[in-house]
Amino acid sequence: GESVGLHLPTLSVQEGDNSIINCAYSNSASDYFIWYKQESGKGPQFIIDIRSNMDKRQGQRVTVLLNKTVKHLSLQIAATQPGDSAVYFCAEKAGNYGQNFVFGPGTRLSVLP
Amino acid sequence: DTEVTQTPKHLVMGMTNKKSLKCEQHMGHRAMYWYKQKAKKPPELMFVYSYEKLSINESVPSRFSPECPNSSLLNLHLHALQPEDSALYLCASSQLAGVKNEQFFGPGTRLTVL
């Protein structure tokens, strides 16, 4: 079946270091991807998105890279802070009018002092 | 206003009870979603409404009954639930088409079925 997955279920980084969270997807028709951050007791919060016609997109301290050849998505967080500790999900959607977002299993990021 | 609100925040119900979850957004989004999220798992899509009409039902048991009274409101009616239905129920909304399809999520309703 089509799925979105992550290579690492947990990631621990030192405060101030850069974090890289990976995501693999298998639906070649997916053309829109979102990274979400979910803190304990809260709903997912949008971080950054990217469309399939792009390879890279940057936000504030975050960068998303898309490699369509190997169906791989990554989220880079620069100068990781304690407030970045959360579970990060990638989600994919196929088609401009599709509404079916499929979430990956998630990566828990822990920032060490 | 870029907020999706959900009520109640917490709900405890017995297996014979009938209850409803409510969701509201005022961003003019014409797509609204219900997700179920178990602990340490990603959100799983349950239902999608487009222009107030049910467009996707991911084979959800009939004890869950969604309703979209208008473009701003989304309800989830619950009846005869099972303990395994205990989860965080998330509502989300998005534009239906166009460049930005990002979903905005509410904080969720934590449901416990006894």
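Residue numbers start from 1 in every chain, and the chains themselves are labelled A, B, ... in the order their sequence lines are given, proteins ahead of strands. Given the structure is predicted, the values throughout are model-derived calculations rather than measurements.
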Novice: Give the member of B/K9, B/K40, B/Q37 that has the highest number of heavy-atom pairs under 4.5 Å with chain A.
Specialist: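 Most heavy-atom pairs within the cutoff with chain A belong to B/Q37.
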Novice: Please check if the number of heavy atoms outside A/K68 that lie under 6.0 Å from its NZ is greater than 12.
Specialist: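 Counting neighbours around NZ of A/K68, more than 12 heavy atoms of other residues, nucleotides or ligands fall under 6.0 Å, so yes.
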Novice: Show which residues join B/L78 in its hydrophobic cluster (side-chain heavy-atom contacts under 4.5 Å, direct or indirect), or state none.
Specialist: B/L11, B/M13, B/M15, B/L21, B/M32, B/W34, B/M46, B/F47, B/Y49, B/L54, B/V60, B/F64, B/L74, B/L76, B/L81, B/Y89, B/L111, B/V113
Novice: Chain B heavy atoms under 4.5 Å from A/Q45: which part of the residue, side chain, backbone, both or neither?
Specialist: neither
Novice: Any link between A/I50 and A/L65 through a network of hydrophobic side chains (Ile, Leu, Val, Met, Phe, Trp, Tyr) touching at under 4.5 Å?
Specialist: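 No, A/I50 and A/L65 fall in different hydrophobic clusters.
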Novice: Is the NZ atom of B/K38 crowded by more than 12 outside heavy atoms at less than 6.0 Å?
Specialist: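 Yes.
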Novice: Assigning hydrophobic clusters by single linkage (Ile, Leu, Val, Met, Phe, Trp, Tyr; side-chain heavy-atom cutoff under 4.5 Å), is A/M54 placed with A/F33?
Specialist: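 A/M54 clusters together with A/F33.
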Novice: Would you say that more than 12 heavy atoms from the other residues, nucleotides or ligands in this model lie under 6.0 Å from the CD of B/Q82, or not?
Specialist: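 More than 12 within 6.0 Å, yes.
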Novice: What part of B/E58 gets within 4.5 angstrom of chain A, counting heavy atoms only: side chain, backbone, both, or neither?
Specialist: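 Contact with chain A: side chain only.
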Novice: Given a strict heavy-atom distance threshold of 4.5 Å, which part of B/E44 is in contact with chain A: side chain, backbone, both, or neither?
Specialist: neither
Novice: Do you know which two heavy atoms are closest between B/Q103 and A/F101, and how far apart they sit?
Specialist: NE2-CD1, 3.0 Å
Novice: Grab the two heavy atoms, one from B/L90 and one from A/P44, that are nearest each other, plus how far apart they are.
Specialist: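 That would be CD1-CD, 3.7 Å.
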Novice: How far apart are the closest heavy atoms of B/E102 and A/I34, and which atoms are they?
Specialist: CA-CD1, 3.6 Å
Novice: Just so I know, are the side chains of B/P43 and A/F89 near enough to count as touching, which here means a heavy-atom distance under 4.5 Å?
Specialist: yes
